[in-house]
There are 2 protein chains.
Amino acid sequence: MVEPKTTANPLFLRDEDLRQAIELLFFAYRDFTARADALLARRHFGRAHHRVIYFVGRHPGLSVSHLLAILNITKQSLSRVLSQLVREGYIAQKQGDSDRRQRLLNLTEKGVALERDLSAEQRVRIAAAYKEAGGIAVEGFRKVMLGVMDADVRGRFGAPNG
Amino acid sequence: MVEPKTTANPLFLRDEDLRQAIELLFFAYRDFTARADALLARRHFGRAHHRVIYFVGRHPGLSVSHLLAILNITKQSLSRVLSQLVREGYIAQKQGDSDRRQRLLNLTEKGVALERDLSAEQRVRIAAAYKEAGGIAVEGFRKVMLGVMDADVRGRFGAPNG
DNA sequence: ATACTATGTCAGCAGTATTGACTTAAATGT
DNA sequence: ACATTTAAGTCAATACTGCTGACATAGTAT
């Protein structure tokens, strides 16, 4: 057994284990987003619209700059998508109370309905995967996913770990 | 086991749990690909180039149609990216032995070097996450990820030996 | 010969994201 | 008060990804 001595392998992680993880992420993410992408395409929307709809639904009254920070994209990139969603009545903007420069974002009823449609299949998929894997596995999944993302984003989740 | 009476939730899955899973996938995938994306941008390549480089490295002698099946994209989409990689000397094509219509794909030395650069940070990231989470968690991660992807893709992983 | 398969190409369209430059309006600091 | 910074938006140019449709070439299979 020749273990390639590439970079330091602090655990007993073979190259195969690392490759498998990379592929698990690729295929899971690809399939996880595929159906929503298809739904969006019918409405002439893309994945970016979904993300905006999702996070506005998740954080009602979100400011544009906060949304930008979550998505990690430029305001110009967001602009096209957000303007479209506002123009077509999925998202409502209202002036901030304390800071009137802000345009706080909320889903309209139409937006809530779209969000539900888009994430319905994803929720079913997650629920099925969680159920089949069991509670211990879910806890492991959470740990690994938190470890994969950037450290400064972990705080967003009720992370018991560092 | 206690069976909660929540209608659409066969497990103990609250809406919050499902949302968290969606976000774990989003943030982990986003951060997982971010550095490689930056490296690619310097070479005027994109994520699609990375995927091609990755899977050709993973499966030397891969045929174009098999690569297409793995990536789930059209040949026209692949064509632009693949032609570029061949033209710039990252991937070599050779005629198939049994079927001379095939153009079997292999990484050149240059391609191997690029693949290593691109996945180096990803491997470190996975290794760190795995190490911190521990073996049980890793097993759970694998189970959940397999459950999230489409059933017909799971065969690619673990089921028969490894 | 005919049909099918593997691969490639041209053209056009849409979506996502970038950088750079500039604007408006409101908050804030000195 | 005046200057600076911040929140949001806009215009323009560029690039990567993916799609559909149409067509071409070569090799395989009947």
Side-chain angles (χ1 to χ4, degrees), chain A residues 26 29-30 33-34 36-56 61-88 91-105 118, chain B residues 26 29-30 33-34 36-56 61-88 91-105 118:
Chain A
F26 171 68
Y29 194 78
R30 186 195 66 176
T33 55
D37 286 351
L39 278 181
L40 288 157
R42 279 177 225 160
R43 286 174 161 94
H44 305 283
F45 286 157
R47 199 175 286 179
H49 298 83
H50 187 180
R51 295 199 280 249
V52 170
I53 287 279
Y54 176 82
F55 283 109
V56 171
L62 191 68
S63 72
V64 172
S65 57
H66 190 207
L67 179 54
L68 246 18
I70 290 174
L71 297 175
N72 248 215
I73 58 173
T74 61
K75 68 181 171 182
Q76 295 94 326
S77 298
L78 175 61
S79 173
R80 196 183 333 111
V81 171
L82 181 56
S83 310
Q84 234 177 316
L85 291 170
V86 169
R87 199 183 318 122
E88 300 184 25
I91 286 179
Q93 294 173 308
K94 72 167 183 188
Q95 209 169 44
D97 314 323
S98 53
D99 187 337
R100 288 179 315 182
R101 290 171 305 181
Q102 295 181 326
R103 313 250 177 123
L104 306 181
L105 307 173
L118 290 174
Chain B
F26 171 68
Y29 194 78
R30 186 195 66 175
T33 55
D37 286 351
L39 278 180
L40 289 157
R42 279 177 225 161
R43 285 174 162 94
H44 305 282
F45 286 156
R47 199 175 286 180
H49 298 83
H50 187 180
R51 294 200 279 250
V52 171
I53 287 279
Y54 176 82
F55 283 109
V56 172
L62 190 70
S63 72
V64 172
S65 58
H66 189 206
L67 179 55
L68 245 19
I70 290 174
L71 297 175
N72 247 216
I73 58 175
T74 61
K75 68 178 171 182
Q76 294 94 326
S77 298
L78 175 61
S79 171
R80 198 179 325 117
V81 170
L82 181 56
S83 311
Q84 233 178 316
L85 291 169
V86 170
R87 200 182 317 123
E88 300 185 23
I91 287 179
Q93 294 173 308
K94 71 167 183 188
Q95 210 170 43
D97 315 323
S98 53
D99 186 337
R100 288 180 314 183
R101 288 171 304 181
Q102 295 182 325
R103 314 250 177 123
L104 306 182
L105 306 172
L118 290 174

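Below, read A as the first sequence line, B as the second, and so on, with proteins coming before strands; counting in each chain starts at 1.
Here C:dA17 presents its C1' atom at 15 Å from NZ of A:K75, a figure rounded to the nearest Å. Spacing between atom NE2 of B:H66 and atom P of C:dT7 amounts to 11 Å, rounded to whole angstrom units. For A:N72 and C:dA17, the CG to P distance is 11 Å, given to the nearest whole Å. The NE2 atom of A:H49 sits 11 Å away from the C1' atom of C:dA14 (whole-angstrom rounding). The distance from atom CD of B:Q102 to atom P of C:dC4 is 20 Å, rounded to the nearest whole Å. Between the CZ atom of A:R47 and the C1' atom of D:dC16 there is a distance of 14 Å, given to the nearest Å. When the P atom of D:dT20 is taken as reference, atom CZ of A:R42 falls 14 Å away, rounded to whole Å. Between the CG atom of B:L40 and the C1' atom of D:dT17 there is a distance of 13 Å, given to the nearest Å.
Using a 4.0 Å cut-off, no side-chain N or O of A:R80 falls inside it from OP1 or OP2 of C:dG15. At least one side-chain nitrogen or oxygen of A:T74 sits closer than 4.0 Å to the OP1 or OP2 atom of C:dT18. Side-chain nitrogen and oxygen atoms of A:S77 include none within less than 4.0 Å of the OP1 or OP2 phosphate oxygen of C:dT16. Between A:R87 and the phosphate of D:dG9, there is no side-chain N or O to OP1/OP2 separation shorter than 4.0 Å. Contact annotation: B:S83 side-chain N/O to C:dG8 OP1/OP2 distance is not under 4.0 Å. Listed pair A:S65 / D:dA8 meets the phosphate criterion, a side-chain N or O lying under 4.0 Å from OP1 or OP2.
Residues B:L104 and A:D97 each lie close to DNA chain C; by heavy-atom proximity, the contact nearer the 5' end of the strand is made by B:L104.
Using a 4.5 Å heavy-atom cutoff, the side chains of B:V52 and B:L105 are not in contact. Put simply, the side chain of B:F45 reaches to within 4.5 Å of the side chain of B:Q84, judged on heavy atoms.
In this structure, of D:dG9, D:dG18, C:dG8, it is D:dG18 that holds the atom nearest to the side chain of B:I73. The side chain of B:V64 has C:dG8 as its nearest neighbour among D:dT10, C:dT16, C:dG8. Closest to the side chain of A:S63, from the set D:dA7, C:dA17, D:dA8, is D:dA8. Relative to the side chain of B:R100, the nucleotides D:dA8, D:dG27, D:dG18 differ in distance, and D:dG27 lies closest.
Residue-to-nucleotide contacts include no donor-acceptor pair under 3.5 Å from the side chain of B:Q76 to the base of D:dG18. For B:R101 against D:dT28, a side-chain-to-base donor-acceptor contact under 3.5 Å is absent.
Once rounded to the nearest 0.5 Å, the distance linking CD of A:E88 with NE2 of A:H44 reads 9.5 Å. Taking CD of A:Q93 as the start and CG of A:L104 as the end, the distance is 9.5 Å to the nearest 0.5 Å.
No side-chain donor-acceptor contact under 3.5 Å links A:S79 to the backbone of A:K75.
Within the 4.0 angstrom heavy-atom criterion, no nucleotide atom of any strand lies near A:D37. Looking at heavy-atom distances under 4.0 Å, A:Q95 makes no contact with the nucleic acid at all. At the heavy-atom level, A:Q84 lies nowhere under 4.0 Å from the strands shown.
Ring geometry, A:H50 versus A:Y54: the interplanar angle exceeds 60°, so the pair is classed perpendicular (tilted spans 30 to 60°).
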